[in-house]
Amino acid sequence: MRVAIIHNKKALSLEVAAKLRELLQKAHYQLDQDDPELVISVGGDGTLLSAFHLYNHKLDQVRFLGVHTGHLGFYTDWRDYELDELVDSLCTQEEKAISYPLLDVTIHYRNGKPSQHFLALNESTIRRSTQTLEADVYIKDELFEKFRGDGLSVATPTGSTAYNKSIGGAVLHPRINAMQLTEIASLNNRVFRTLGSPIVLSPTEWVELDLAAINDETHYTITIDQLALERTQVKCIVYKIAKERIHFASYRHTHFWRRVRDSFIGEV
């Protein structure tokens, strides 16, 4: 098996990555950063997000596995002190791949500027730099609401416990094939009116945020996971559940609701 190791630059992660390389080589695994079959992330959820975006052009060929070197993470099944057990599991146990939905994001521009396409593992958001965001929200080509507020977030089920949760979104089990639209500080009064609640959309639906009423020089901040884009001349953004999926190598899988409890509630 060809294995790549992606790590952050913290001292413990560097130490763990070095030890992991040594153990993998002793077990006769091939270390290959360019064409891996398995990508091991050493760090936190942010490190795994970086690994995902590094290899998202070959998601049908790669599985991901996370080693956490800090607090509990939602994308990590192994801790930094379990490396011997991890490598032993790779050698002796049958892998069970688990796949989760991704978010397909397409930004359309005006004046003939080419569209941009992205995949998100957690979420994508849009805001205006200095003023409130105005957008016509379409669901499956039908106008749903006229939004005005700080911004909008569209999250995957795996991203539902991240920024989405902090703005009042629901926590979704990652095996639910859906995406979630959540408002960020919407204005609701007798002039502006939105639903004011998170919306969970099915695989056959998509969301279009139409920004065509704003002038060409309006500045938007658009995020795709940890990537932040500053853009003008944005006509609309289309969100849908991607055809691609992320695959996690599961030699030992932690129950999702146990992760939620441990991260947000603690001991009961």
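Heads up: numbering here begins at 1 and tracks the sequence. Remember, predicted model here, so these are calculated numbers, not experimental data.
In this structure, CD1 on Ile184 lies 10.0 Å from CD1 on Ile126, to the nearest 0.5 angstrom. For the atom pair CZ (Phe264) and NZ (Lys165), the distance works out to 4.5 Å, reported to the nearest 0.5 Å. Atoms CZ and CZ, on Arg190 and Phe192 in that order, are 11.0 Å from each other to the nearest 0.5 Å. Of the inter-residue distances, the one linking Leu133 atom CG with Arg128 atom CZ reads 7.5 Å to the nearest 0.5 angstrom. Summarising the geometry, atom CG belonging to Leu119 is positioned 5.5 Å from atom CG belonging to Asn56; distances are rounded to the nearest 0.5 Å. Taking CG of Leu152 as the start and CD1 of Ile222 as the end, the distance is 12.0 Å to the nearest 0.5 Å.
For the pair Gln33 and Ile6, the tightest heavy-atom approach, listed with the atom from each and the gap, is NE2-CD1, 3.7 Å. Taking all atoms of both residues into account, the shortest heavy-atom contact from Pro157 to Ala178 is CD-O, 3.0 Å. Residues Val39 and Pro36 come closest through the heavy atom pair CG2-CG, 3.8 Å. The two atoms that bring Arg127 and Gly151 nearest to each other are CG-CA, 4.4 Å, heavy atoms only. Residues Lys113 and Thr232 come closest through the heavy atom pair NZ-O, 4.4 Å. Met179 and Tyr239 get closest at one heavy-atom pair: CE-O, 3.4 Å.
Applying the 6.0 Å contact sphere to CD of Glu230 captures more than 12 heavy atoms from other residues, nucleotides or ligands. Within 6.0 Å of NZ in Lys146 there are 12 or fewer heavy atoms belonging to other residues, nucleotides or ligands.
Using a 4.5 Å heavy-atom threshold, the side chains of Phe52 and Asn122 count as separate. Between Phe144 and Ile199, some side-chain heavy-atom pair lies under the 4.5 Å cut-off. Proximity of Ser89 to Trp78: side-chain heavy atoms (C-beta onward) are separated by under 4.5 Å at one or more points. At a threshold of 4.5 Å between non-hydrogen side-chain atoms, the residues Val67 and His7 do not count as touching. Counting only heavy atoms from C-beta outward, the side chains of Thr194 and Glu183 approach each other to under 4.5 Å. Annotation: side chain of Leu24 is in contact with side chain of Ile40 (closest heavy-atom distance under 4.5 Å). With contacts defined as side-chain heavy-atom distances shorter than 4.5 Å, the pair Phe118/Ile107 qualifies. By the 4.5 Å heavy-atom criterion applied to side chains, Asp60 and Glu244 are not counted as neighbours.
Side chain to side chain, Asn164 and Thr182 meet the donor-acceptor criterion of an N or O pair below 3.5 Å. Tyr109 and Gln116 share a side-chain donor-acceptor pair at under 3.5 Å. Residues His108 and Ser115 bring a donor and an acceptor atom of their side chains to less than 3.5 Å of each other. For Thr69 and Ser13, the side-chain atoms include at least one donor-acceptor pair closer than 3.5 Å. Of the N and O atoms on the side chains of Ser160 and Gln180, not one donor lies less than 3.5 Å from an acceptor on the other residue.
Between Glu22 and Lys26 there is a salt bridge, with a side-chain nitrogen of the basic residue lying less than 4.0 Å from a carboxylate oxygen of the acidic one.
Under the 3.5 Å distance criterion, the side-chain polar atoms of Glu205 are matched with a main-chain donor or acceptor of Ser202. Side-chain atoms of Arg2 do not come within 3.5 Å of backbone N or O of Asp32 as any donor-acceptor pair. The backbone N or O of Arg193 sits nowhere less than 3.5 Å from a side-chain atom of Glu145 that would complete a donor-acceptor pair. Looking only at distances, a side-chain donor or acceptor of Asp225 sits under 3.5 Å from a matching main-chain atom of Leu121.
Note on Met1: it clusters hydrophobically with Leu20, by side-chain heavy-atom contacts below 4.5 Å among ILVMFWY residues. Connection of Leu31 to Leu65 is established within a shared hydrophobic cluster, with ILVMFWY side chains joined at heavy-atom distances below 4.5 Å, either directly or through further cluster members. Under the 4.5 Å side-chain heavy-atom criterion for ILVMFWY residues, no single connected hydrophobic cluster contains both Leu14 and Ile5. In the hydrophobic cluster analysis, where Ile, Leu, Val, Met, Phe, Trp and Tyr join through side-chain heavy atoms closer than 4.5 angstrom, Trp206 is grouped apart from Leu201. Clustering ILVMFWY residues whenever any of their side-chain heavy atoms sit less than 4.5 angstrom apart, transitively, puts Ile246 in the very cluster that holds Leu54.
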- Task: Walk me through it: do Tyr100 and Thr156 pass the test side-chain contact (heavy atoms from CB on, under 4.5 Å)?
- Result: CA-CA 9 Å; Tyr100 295 147; Thr156 66; over 6 Å; no
- Message: Pair Thr106, Lys240 - check side-chain contact (heavy atoms from CB on, under 4.5 Å), show working.
- Response: CA-CA 9 Å; Thr106 305; Lys240 59 185 178 181; 5.6 Å; no
- Message: Quick one, Leu103 with Glu123, criterion side-chain contact (heavy atoms from CB on, under 4.5 Å). Give me CA distance, side-chain angles, the key distance, then yes/no.
- Response: CA-CA 7 Å; Leu103 184 65; Glu123 78 279 310; 5.6 Å; no
- Message: Between Leu181 and Val137, does the side-chain contact (heavy atoms from CB on, under 4.5 Å) criterion hold? Intermediate values first, please.
- Response: CA-CA 10 Å; Leu181 173 67; Val137 179; 4.0 Å; yes
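The aromatic rings of Tyr75 and Phe248 lie parallel to each other, their planes meeting at an angle below 30°, with 60° marking the opposite boundary.
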